[in-house]
Structure formats: structure tokens, C-alpha cells
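In what follows, a single structure is set out as C-alpha cells and then discussed.
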There are 2 protein chains.
Amino acid sequence: MNDMPSDKTLPQDIIYARIWSAIAERKLRPGTRLKEEQLAELFSVSRARVRQALAALERDGLVTIFRNRGAFVAEPSIEEARDVFFARRMIEARLVERLSAAPSQQAIDRLRQHLNAEKAAHLAQDRKAIIHLSGEFHLLIAELAGSRYLWQVLRDLISRTSLITAVYQSHSDTSCGPDEHAQIVEAIARGDAARANHLMDHHLEHIETALDLTDENERSTDLKDILT
Amino acid sequence: MNDMPSDKTLPQDIIYARIWSAIAERKLRPGTRLKEEQLAELFSVSRARVRQALAALERDGLVTIFRNRGAFVAEPSIEEARDVFFARRMIEARLVERLSAAPSQQAIDRLRQHLNAEKAAHLAQDRKAIIHLSGEFHLLIAELAGSRYLWQVLRDLISRTSLITAVYQSHSDTSCGPDEHAQIVEAIARGDAARANHLMDHHLEHIETALDLTDENERSTDLKDILT
DNA sequence: CACAACAAAATTGTAGACAAAATTGGTGAC
DNA sequence: GTCACCAATTTTGTCTACAATTTTGTTGTG
């Protein structure tokens, strides 16, 4: 797993990033088959690189690899989606709590700086930047809370959340404005741990309830289930 | 990443398990270089398999791979060790809390069954089994708490804990008897979420404080630091 | 005598070729 | 006409050889 500061863009990381973006932007739909040779040709690299990228995507939950059958864009079940949000609420609520307990001025500055970037993206209606920055906000909290390990876990969870959002996004535009982020930052700045905890929990609940996690929305990949 | 039921022992998984055991049993000390060809010869497999096993070990935090320089048994810093325990206390305390809220009879039976196995191992003084079962107990709680994702995170954390224990184990035999586990199970069975939470938190705290996580115990791998 | 630059050895990273497995299409029997 | 079985194709998994990089040892110069 990559460390926090990962600037060197290895060739397989580029492939990873490209596929990641394609999935997050719903260009690659869940269930799509990802043939190794096809990707190798597309990116002008050998299959070995593609295999590494696919393996990395698998451990981040974005693709599923079936033995001897190939890689497919993952199709998170409703159960898995709820599980991801359960984990996020548990972890992030405690992280803001910890951060609120002793917030350094530097931390608050970085958070406020980030909020400005988010506001700018919203004004520009840059959907791609909005999604990216929204994830970054949550990662920033993990970083400032001082847990390198949970930062990595959260990075993984946010990847999965992106896929879940792509699959179960309801028609109502889940704008998820920066207001809730701003409130959380305020609570942290005041050192109000209980309120920060509460706000983060509700923030994630809002994101979850904005999705169509109803049973009828579950698209079973098993044709037997569909055609009976 | 492997799913919960993973019975098929792939050849590279065997290599993974062998190295894992060797590290946990302190036969392979932190900092030891793991040359690919050497391992390939040792296990009578090709280097490709070894590379896969090493990559898996790296993402579980047991080895560190430096680009173009090879793989080494990881040397968790004190900071990383404390971070792992922070994450475990956060996650596991909440998991027992959740499990205590609605413990099924089946869940309680499995926990009690596990406690018996632990007692048997302690009576037989089977150190290897004790370590293994101790980890299994914590994983069992995650499984019964119903979070597949956090089960995977915890599996990773327990791997790292094994390495940390191997490195920072104090001379006093950290027996970590099954008594504390039994108390936790009792609290769960009674549905006493608050107490289960409290007991788990203290249990992990005991394990952590039983280690030599003092600064002077930090063995710096950087020769520059050592010889000045 | 010490330091720096260079060359050689060792080790990892990558690519291409081969083997194993699974799916698909076709053929034959009932 | 339908089902089962077998062969052919496609796709993945694995192995071996080559290239790139790092480390180590040597030599020459200040």
C-alpha cells in the first residue's frame, strides 16, 4: 500500500487512476468485464502492468477478480454498501472527536483552506472536482487526527463509497454541499468534540440516505434471479 | 483480498503463511532482507509466486518493499505500534458494543465454544495455538458483529499486532490469559453493551501496556542514528 | 592518504512465450 | 426437436529470459 506522500506516478498507478476515474464517473458500469489484453493494448503497456493495477483495484474493492475468469467492475451489494457506511460512521465520528480534543491552529487553517477550495468548485460547478475534494476533506480529517493507519482505511472506504454512489445514486442531485463540512470544521475549531462527532455522524447518514438503497434497486448480476 | 471463507490453499498463500508464521514466531527478525530468488529456491517455486506473496505481505504491513532494492521484514515504529492499538481500541470497542445490543444465542454459543478452545490451548501450553486463537477471538467478534468490512480491517490489524508483539515483547511473559476474553463474552451474553465496550477497551490497553513501547527500546534501522 | 568517479556484480522489474482453464459453438444421439 | 457431450477458441495464469537499477569494489587523482 502506498504511503501518504505518493508523488511518483508509477506506470501501473496511472492505469489504476484511469480505471478508478472511469468507474467513479460511471463510464465503466458495474459488471463490465475488464480484459487484460484489451487494457494492455489500450494503455500501450504489457499485461503484467495491467495485472498489478487490477490486483490493486481489487483490494480497494473497485473490481472483482474471479479465478481463471477475469476481472469485472465490482457490483457492491446493498449489504456491502450499508457496511461501508457503518464503518465510515464509526471511524470518522471518532476521528473528529479526537481531532476536536486538541485542534492545532495549523490544522484548523488547513481545514478552512480546504473549505474554500470546495466552495470554489461548487461555484464553478466542477462536478469532478467536487467529488474529489469531498473525499479529500474526509481524508484530511484522518490525517490531522494523526492516525496514519486509519487514514489508509479511510482512503479505501472512500474509494468504495465512490463506487457505491455511482451505482445507487438517486435521481435527486446529491449535491452534498459544503455547508455540512463547514459546520464540522467550526465544531472542531471550537473544540466541541461531542458536536463534531454528532455532525459527522449525521453528515454520513445524510449521504447514505440520499442513495437508493432499497431492495428493489438491487440489480442482481445472476441471470437466474432476474429471469424468474 | 481473500473473502471470509478461504479454504483453497493457493501455492502463493502457502508461502505467505510460512513467512507470516516465521515472522510471528520471531524466526525472521525485523529488518531481515528477503531476497526473491532465495525464497523461490527455498520453496521450490518460481520468483513470480514469491513476488505475489511478498506483495500480499506488504499490504498487510508485515514486510516493506523498497523499489528496486528488495523486500525486508517490516520494522514497525513505536508510533505505528501505538497507532495500530488506537485503531483496534476504536474499532473493537464499538464492535462488541454492537454485538452486545442484540446477541443471538448462536453467537454466544460460538464465543463460548471458542473460549473452551483457548482454555485447552493454555492448559497444553501450546504457545503457537494460544497466539492463533487469541487473534481468532477478536476476529470472531467482528464476524458476529456483522461487519464484513471491519472483519477484514481487523484481520489486517491483528497481523500487524503479531509483528509488533514480536518486536516489542517485554520479558515478562505476556500470557494474556483467557480470563479477559471470558469476561467480555459474559458481558455480551448479558447484553451489557457499556461494560463489554469498557472491558474490550481495557483488554487492548493491557496488551499494549504489556509491551516495551518506550523510546529507548526503539531500534533504529538507520545506521546514522545508531552510531552518533 | 582520502575522496571521487567509474566499472562490475548482484538483484529487482519487465516483457514475451507457453501452459492451463473456462466458455462457446457445433455435432450426434435419443 | 432437445439434450448431452465433445472440440475449438478465447482468456487467464505461470514460467523463463532480458533490461534497468542499485550496490559494491576498484582505480586514479588531488
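Keep in mind that this is a model prediction, so the values were computed, not measured. No hydrogens, no waters, no symmetry mates; every other heavy atom, side chains included, goes into these values. Each chain gets a letter, A, B and so on, in the order the sequences are listed, and its residues count up from 1.
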Discussion item. Can you work out whether A:Arg69 or A:Gln52 has the more 5'-proximal nearest nucleotide on DNA chain C?
Written reply: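 Nearest-nucleotide comparison on DNA chain C picks A:Gln52.
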Discussion item. Any carboxylate oxygen within less than 4.0 angstrom of a Lys/Arg side-chain nitrogen, looking at B:Arg51 and B:Glu36?
Written reply: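 Judged by the 4.0 Å cut-off on N to carboxylate O distance, B:Arg51 and B:Glu36 do form a salt bridge.
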Item to complete: Dump the intermediate steps for ring-ring contact (aromatic ring centres under 6.0 Å, His included) on A:His114 and A:His181, then the final yes or no.
Response: CA-CA 10 Å; A:His114 186 92; A:His181 287 184; 7.5 Å; no
Fill in: Span of DNA chain D in contact with chain B (heavy atoms, under 4.0 Å)
D:dT14 to D:dT23
Worksheet item: Got a second to check how far B:Leu163's CG is from B:Asp60's CG, nearest 0.5 Å?
Response: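 Output value for this atom pair is 11.5 Å.
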Response to the item:
CG (A:Leu140) and CZ (A:Arg110) are apart, to the nearest 0.5 Å, by 5.0 Å
Rounded interatomic separation in angstrom, taking [atom1] from [X] and [atom2] from [N]:
| X | N | atom1 | atom2 | result |
| --- | --- | --- | --- | --- |
| B:Glu37 | C:dT11 | CD | C1' | 8 Å |
| A:Arg67 | C:dA22 | CZ | P | 9 Å |
| B:Glu41 | C:dA10 | CD | C1' | 15 Å |
| A:Lys35 | C:dA21 | NZ | P | 21 Å |
| B:Leu34 | C:dT12 | CG | C1' | 14 Å |
| A:Arg51 | C:dT14 | CZ | C1' | 14 Å |
| A:Asn68 | C:dA19 | CG | C1' | 12 Å |
| B:Glu58 | C:dT12 | CD | C1' | 14 Å |

Worksheet item: Yes or no on salt bridge (Lys or Arg N to Asp or Glu O under 4.0 Å) for B:Glu208 and B:Arg82, after CA distance, side-chain angles and deciding distance?
Response: CA-CA 8 Å; B:Glu208 184 177 354; B:Arg82 293 199 180 280; 3.2 Å; yes
Practice prompt. Could you tell me which residues satisfy side-chain contact (heavy atoms from CB on, under 4.5 Å) with B:Thr209, sequence neighbours excluded, listed by chain and number?
Written response: B:Glu205
Practice prompt. Quick one: list whatever passes side-chain contact (heavy atoms from CB on, under 4.5 Å) with B:Ser104, sequence neighbours left out.
Written response: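 B:Ser104: side-chain contact (heavy atoms from CB on, under 4.5 Å) contacts with B:Gln106, B:Ala107.
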Worksheet item: Which pairs count as ring-ring contact (aromatic ring centres under 6.0 Å, His included) when at least one residue sits in residues 25-58 of chain A, sequence neighbours excluded?
Response: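 As it turns out, there is no ring-ring contact (aromatic ring centres under 6.0 Å, His included) pair with a partner in residues 25-58 of chain A once direct neighbours are skipped.
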Worksheet item: Within the structure shown, what part of the strands sits under 4.0 Å from A:Arg47 by heavy-atom distance: base, sugar-phosphate, or nothing?
Response: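 Base contact.
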Discussion item. What's the angle between the local helix axes at either end of the helix from C:dC1-D:dG30 to C:dC30-D:dG1, using five pairs per end and rounding to 10 degrees?
Written reply: 0°
Worksheet item: Considering residues at least two apart in sequence or located in another chain, which fulfil the ring pair (Phe, Tyr, Trp, His ring centres under 6.0 Å) criterion with A:Phe72?
Response: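 Residues passing ring pair (Phe, Tyr, Trp, His ring centres under 6.0 Å) with A:Phe72: A:Phe66.
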